[in-house]
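Attaching a single structure in structure tokens format; questions to follow.
These values consider heavy atoms only, across backbone and side chains, with no hydrogens, waters or symmetry-generated copies. We name chains A, B, ... by the order of the sequence lines, and we start the count at 1 in each one.
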There are 2 protein chains.
Amino acid sequence: MGRRVTLQTIADRVGVSRMTVSNAFSKPDQLSTGLRREILAAAHDLGYVGPDPAARALARGTTGAVGIVLTSSLRFAFTDLVATSFFGAIAERLAPTGLALTLLTSADSGDIIPARDVAIDGALIYSCDPTSAAVDYLTRRRLPLVYVDQEPLETVTTINVADRHGARAAARHLLDLGHRRIGLLMSGMHPPHGLIDPADVTIDGYAAKQRLLGWCDVLGEAGITPLVARQPGANPEEPRAAARLLLDRPDRPTAVLCFSDATAHGVLRAAVDLGIDVPRDLSVVGFDDNPLAAQLRPALTTVHQDVEAKGKAAATALTRAIADARAGVAHVPQHHVLPAELVVRDSTAPPPR
Amino acid sequence: MGRRVTLQTIADRVGVSRMTVSNAFSKPDQLSTGLRREILAAAHDLGYVGPDPAARALARGTTGAVGIVLTSSLRFAFTDLVATSFFGAIAERLAPTGLALTLLTSADSGDIIPARDVAIDGALIYSCDPTSAAVDYLTRRRLPLVYVDQEPLETVTTINVADRHGARAAARHLLDLGHRRIGLLMSGMHPPHGLIDPADVTIDGYAAKQRLLGWCDVLGEAGITPLVARQPGANPEEPRAAARLLLDRPDRPTAVLCFSDATAHGVLRAAVDLGIDVPRDLSVVGFDDNPLAAQLRPALTTVHQDVEAKGKAAATALTRAIADARAGVAHVPQHHVLPAELVVRDSTAPPPR
DNA sequence: GTGCCCTACTGTACCGATATAGAGAAGCGC
DNA sequence: GCGCTTCTCTATATCGGTACAGTAGGGCAC
């Protein structure tokens, strides 16, 4: 059985040095056209496909792929419209650079840590526990990193959305309409679930925390104590159930601020179940302005974030960080904050009298 | 400036051979606990993070990542609910094996071909022109491959859905209800668009072809010539416009068979625009049974495919092919066909008289 | 005490490329 | 004819690991 075909095989066949064959593939301007043609022909003849990516990665020190680390349930990452739009924007932005995108899960248990074992040139850390083993490895490996929707860290480039600002605007909007009994509907995998004290909210994720803080900034100032419910987020039916914790009660809120459009959708459906008219009897505010928000009925008042721009910014920041690293230049961490703006549609109105 | 820390650095420090250090990380049972602890401590001390993935990939011949090749617009791949659910199912299935998933685009122009330059252990070929350069490289590299929703090829393991069968069921359902004037709404990026002859349909993708064939099998048998419209698929507004080509005419169809639930959604919205009642005045059948189909109003009659199972089957087939390759066993190509079944909901009824 | 196995570790030979410096020939100005 | 640059191509030294075949020493059976 013949050995595998490598550069050397071709070099021997053509009678040139291995380096020249390498150049024929990787640096065409380093050799004469004639010889190059001859080499490529011989390569084709021998069934050689091109330089082995793994060997090239070792020799060059670059792999041509960047990672994106996801902690939260994979099911969620691919079900959530906001997440998928974000991935799409990144992939699209990365395509012309030739970088592939590798999905790295960060299950914290076991010793399966792709982030440790897969070769990449840099990574995006997205909606991911920053203390996870995966992030730890990447950091210690000194790979170029960009944090997205994570607690800002001085030393790392971050991309964030003005969630707190947006949340404030949402809360203020309800106050301006005259609402005083206000419910908050949070999302999060870990207990406690159900009706809870705002102070007890175990926060999952930086964005969730910022949104809650934003609401409380405004409500607190107005002396309002909201009613808070919390639900595990992945399943579309769960928000609907959680919403009833807020709606099935005599002193039910006249308005609900939701962690996302998906949870808001659950509230709308629960309202239908209960015969509560939105916005006449109940105002609902979402978050994200995902593609469905405008199509819901009533169209959802929500806080818009530009996911497309977020993906673009993340991809650009990462490619820049990688370029800096390659050039040996010290990378100066940057901190982008993208706007989040209230979009008033048809799901909010003054409270019933 | 000190050199990078490698296994050798640690070996020198501890006074053992490099191989022993390697074993401390990769084969713990090959050395005594005490020595191992000492080595790991020294490694930690020196800031060594673990074996370099690129070097390991070269030495071991495996990378810990598999690719998924996507041709169709990336925007589409991340916008389409069917595609994203599929990715999710794959990622979830892959996670416990420790394999990461690398998204490989196959832009046919230029020499940016991640599939050629990124090291992977195997790949899924999904909704992708089988003649693309990316697929060609992967094939010639003799990487384990699995084709999903592609024209079956004897020599490669394939995963397909019984699209043609499902399409037949959909068409038969309309005939059974009594429909005779039937429209088809196809999706495809390439011209011609608009109202076209079924024979002129340039097919994009194997699935599209199978669906069209299935419809025509049944309609042809019944002596019915359908009215066919075609639209570029990515944008949610486009089906709505294309639908009007079928609906804005005196002899408008009493029923429309749609390439996907997304296009069916467009038809439903066009019907609303035109004041046409579904299903009283118009029956609409989708394809895929995506998560939204049941939530549309009226709930969509459609052809269900189990995307979750498709992802599972794809991931399993690929990991098996990779295992076979590693073991040096000849891989016997398998051809899975998953069921596609009609789900009758509220968007179909007998034609108006 | 001899033979044998087992454990723990070592030495050498790759894995398949690229970087970098430099050698030899050709072209050019003066 | 001399020196200089340009164009091609070569030689050597990595890149950072892992595989595999040993070797040395200790324990055990008989």
Side-chain angles (χ1 to χ4, degrees), chain A residues 2-39 42-43 46-64 116-121 141-143 326-328, chain B residues 2-39 43 46-64 116-121 141-142 326-328:
Chain A
R3 293 172 68 83
R4 275 185 62 177
V5 180
T6 72
L7 288 184
Q8 190 65 61
T9 321
I10 302 168
D12 293 347
R13 165 69 94 73
V14 180
V16 295
S17 84
R18 179 178 59 208
M19 199 58 231
T20 300
V21 181
S22 172
N23 284 333
F25 284 96
S26 305
K27 297 186 177 169
D29 56 331
Q30 296 291 306
L31 73 174
S32 64
T33 322
L35 181 56
R36 170 152 197 260
R37 206 178 318 234
E38 191 185 345
I39 290 175
L46 292 165
Y48 183 75
V49 186
D52 179 82
R56 172 184 278 202
L58 177 58
R60 288 221 279 220
T62 70
T63 64
R116 175 191 53 190
D117 299 326
V118 175
I120 49 177
D121 293 336
R141 224 182 254 295
R142 296 174 190 245
L143 243 41
R326 277 211 242 285
Chain B
R3 292 173 66 83
R4 277 186 62 178
V5 180
T6 71
L7 288 183
Q8 190 64 61
T9 321
I10 302 168
D12 293 347
R13 165 69 95 72
V14 180
V16 295
S17 83
R18 180 179 48 194
M19 200 58 231
T20 301
V21 181
S22 172
N23 284 333
F25 284 95
S26 305
K27 297 186 176 168
D29 55 331
Q30 296 291 305
L31 73 174
S32 66
T33 323
L35 181 56
R36 171 151 196 261
R37 204 176 322 230
E38 190 184 344
I39 290 175
L46 292 164
Y48 184 75
V49 185
D52 179 82
R56 173 183 278 198
L58 177 57
R60 289 222 280 220
T62 69
T63 64
R116 175 191 54 191
D117 299 325
V118 175
I120 48 177
D121 293 337
R141 226 182 251 297
R142 296 173 190 246
R326 278 211 242 284

Worksheet item: Reading nucleotides 21-28 of chain D from the 5' end, what letters show protein touch, with B for base, S for backbone sugar-phosphate only, - for no heavy atom under 4.0 Å?
Response: --------
Worksheet entry | Side chains of B/Leu31 and B/Ile39 in contact at under 4.5 Å (non-hydrogen atoms) |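 A side-chain contact exists here, since the closest heavy-atom pair is under 4.5 Å.
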Worksheet item: Nearest to the side chain of B/Met19 - D/dG16, C/dT20, D/dT18?
Response: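 Of the candidates, D/dT18 comes closest.
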Show every donor-acceptor pair shorter than 3.5 Å between a side-chain atom in residues 8-18 of chain A and any protein atom, with sequence neighbours excluded, or say none if there are none.
| residue | atom | partner | partner atom | Å |
| --- | --- | --- | --- | --- |
| A/Gln8 | OE1 | A/Arg18 | NH1 | 3.3 |
| A/Gln8 | NE2 | A/Asp12 | OD1 | 3.0 |
| A/Thr9 | OG1 | A/Thr6 | N | 2.8 |
| A/Thr9 | OG1 | A/Thr6 | O | 3.3 |
| A/Ser17 | OG | A/Met19 | N | 3.3 |
| A/Ser17 | OG | A/Thr20 | N | 3.3 |
| A/Ser17 | OG | A/Thr20 | OG1 | 3.2 |

Worksheet item: Reckon B/Gly34 touches a base, only the sugar-phosphate, or nothing at all at heavy-atom distances under 4.0 Å?
Response: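 If one applies the 4.0 Å heavy-atom cut-off, B/Gly34 turns out to touch nothing in the nucleic acid.
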Practice prompt. For C/dA19, take OP1 and OP2 only and decide whether either is under 4.0 Å from a side-chain N or O of A/Lys27.
Written response: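 Answer is yes, contact under 4.0 Å.
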Worksheet entry | Spacing between B/Gln8 atom CD and C/dG11 atom C1', to the nearest angstrom |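 Going from CD in B/Gln8 over to C1' in C/dG11 covers 12 Å.
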Practice prompt. Please report, rounded to the nearest Å, how far the P atom of C/dG11 is from the CG atom of B/Asp12.
Written response: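 So the CG-P distance, B/Asp12 to C/dG11, works out to 12 Å.
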Each nucleotide N or O in nucleotides 4-9 of chain D that has a protein N or O under 3.5 Å away: list the pair and distance.
| residue | atom | partner | partner atom | Å |
| --- | --- | --- | --- | --- |
| D/dC9 | OP1 | A/Ser32 | OG | 3.3 |
| D/dC9 | OP2 | A/Ser32 | N | 2.8 |
| D/dC9 | OP2 | A/Ser32 | OG | 3.4 |

Worksheet item: With a non-hydrogen cut-off below 4.0 angstrom, is B/Tyr48 in contact with a base, only sugar-phosphate, or nothing?
Response: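 It contacts sugar-phosphate atoms only.
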Fill in: B/Ser22 vs B/Leu7 side-chain heavy atoms within contact, under 4.5 Å
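Heavy-atom side-chain distance check passes, below 4.5 Å.
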Worksheet item: Counting just side-chain N and O atoms, does B/Arg18 come under 4.0 Å of either OP1 or OP2 of C/dG11?
Response: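 Negative; the distance criterion is not met.
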